[in-house]
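These numbers come from a predicted model, not from an experiment.
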Amino acid sequence: MGRLPDGCAFAVLSGVSDGVLGEGWALVAGCAPEVALHGGTGAPADGPEGLGGALAQAQYALTSVRTTAPDASVLTDATALTSLDALLTGVPADVRSAYSRTVLGPLLDTDRTATAVLLSTLETFLACDGSWARTAQALHLHVNTVHYRIQRIEHFTGRDLSRLCDRLDLWAALRCR
């Protein structure tokens, strides 16, 4: 047991099953139900050399649970972060915001109706897995209008939506808003 530089307490447990850990957590949280306790666990370490990685995973899970359940006592395991949305909850809000602003750039200019339309088109295009026809149908537009809007999005962001890595960057930036 000990404390991290940020004041968080930590414990290294050996040979404890998830069920026992959950039961212990429920008992500790039950002692002060009016206080929200947050906990994170990492993967079991194979030896002393793996403790740093397990602790880093536990800290990430802790950050995630603080974001998703700030008013509840919850213990989260790093292996439960199995989606991009779940993974992003462990990234500090100011980092997510900066990433979104950097990647989406002018599309976040809410003073302009045109950029709001482009942002909506981008969200729909990505939700439709890059299908021009389904995007046009979902937005009640002609497919040529979708092509034009995607070209504008690519111009403003400097990304090429025919490339998977650029689509993923934009998708993550939208999830970070």
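Atom CG of Asp46 has 12 or fewer neighbouring heavy atoms from other residues, nucleotides or ligands inside a 6.0 Å radius.
Atom-to-atom distance recorded for Leu81:CG and Thr68:OG1 is 8.5 Å, nearest 0.5 angstrom.
A donor-acceptor contact under 3.5 angstrom links the side chains of Thr89 and Ser64, judged on distance only. Residues Ser131 and Asp129 bring no donor and acceptor atom of their side chains to less than 3.5 Å of each other. For the residue pair Thr79 and Asp77, a side-chain donor N or O sits within less than 3.5 Å of a side-chain acceptor on the partner.
The nearest pair of heavy atoms linking Gly40 to Ala58 is O-CB, 3.4 Å. Considering all non-hydrogen atoms of both residues, Asp169 and Val103 come closest at O-CG1, 3.9 Å. A pairwise comparison of heavy atoms in Pro33 and Cys31 identifies CD-C, 3.7 Å as the closest pair. When every heavy atom of Ala29 is checked against every heavy atom of Ser73, the shortest pair comes out as CB-CB, 3.8 Å. Shortest non-hydrogen contact noted between His142 and Ala136 is C-CB, 4.1 Å.
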For residues 147-158, which side-chain donor-acceptor pairs fall under 3.5 Å, sequence neighbours excluded?
from	atom 1	to	atom 2	distance (Å)
Arg149	NH1	Thr121	OG1	3.0
Glu154	OE2	Leu161	N	2.8
Thr157	OG1	Ile153	O	2.8
Thr157	OG1	Arg159	N	3.2

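The same ILVMFWY cluster, assembled from side-chain heavy atoms under 4.5 Å apart, contains both Leu13 and Val28. Under the 4.5 Å side-chain heavy-atom criterion for Ile, Leu, Val, Met, Phe, Trp and Tyr, Leu107 and Val117 are members of distinct hydrophobic clusters. When hydrophobic clusters are built by joining Ile, Leu, Val, Met, Phe, Trp and Tyr residues whose side-chain heavy atoms come closer than 4.5 Å, directly or via intermediates, Trp171 is grouped together with Leu122.
With Tyr99 contributing its side chain and Ala172 its backbone, the two residues share no donor-acceptor pair below 3.5 Å. Formation of a donor-acceptor pair under 3.5 Å by the His38 side chain with backbone atoms of Ala69 is found in this model. Panel note: side chain Thr124, backbone Ser120; a donor-acceptor pair is recorded below 3.5 Å. Using a distance-only test at 3.5 Å, with no hydrogens or angles considered, a donor-acceptor pair links the side chain of Gln57 to the main chain of Ala43. Proximity of a side-chain donor or acceptor of Thr102 to a complementary backbone N or O of Ala98 within less than 3.5 Å is detected.
Annotation: side-chain hydrogen bond (donor to acceptor under 3.5 Å, both in side chains) contacts involving residues 23-37, sequence neighbours excluded, are absent.
We find that Arg177 and Glu123 are joined by a salt bridge, their nearest charged nitrogen and carboxylate oxygen being less than 4.0 Å apart.
Using a 4.5 Å heavy-atom threshold, the side chains of Leu108 and Leu119 count as touching. Under the 4.5 Å side-chain criterion, counting only non-hydrogen atoms from C-beta, Val95 is in contact with Pro92. Using a 4.5 Å heavy-atom cutoff, the side chains of Leu126 and Leu170 are in contact.
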*Take Asp85 and Ser83 through the test side-chain hydrogen bond (donor to acceptor under 3.5 Å, both in side chains) and record every step on the way to the result.*
CA-CA 5 Å; Asp85 287 337; Ser83 70; 5.3 Å; no
*Please assess Thr41 against Leu75 for the test side chain to side chain contact (heavy atoms under 4.5 Å, CB included), listing each intermediate value before the final yes or no.*
CA-CA 8 Å; Thr41 63; Leu75 175 67; 3.8 Å; yes
_Let's go through Leu174 and Ser100 carefully: what are the C-alpha distance in whole Å and the side-chain angles of both, what is the deciding distance for side chain to side chain contact (heavy atoms under 4.5 Å, CB included) to 0.1 Å, and is it a yes or a no?_
CA-CA 7 Å; Leu174 287 170; Ser100 183; over 6 Å; no
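Geometrically, Arg134 does not engage Trp132 in a cation-pi contact defined by less than 6.0 Å to the ring centre and at most 45° from the axis.
Side-chain contacts under 4.5 Å among hydrophobic residues (ILVMFWY), followed directly or transitively, place Leu164 together with Leu168.
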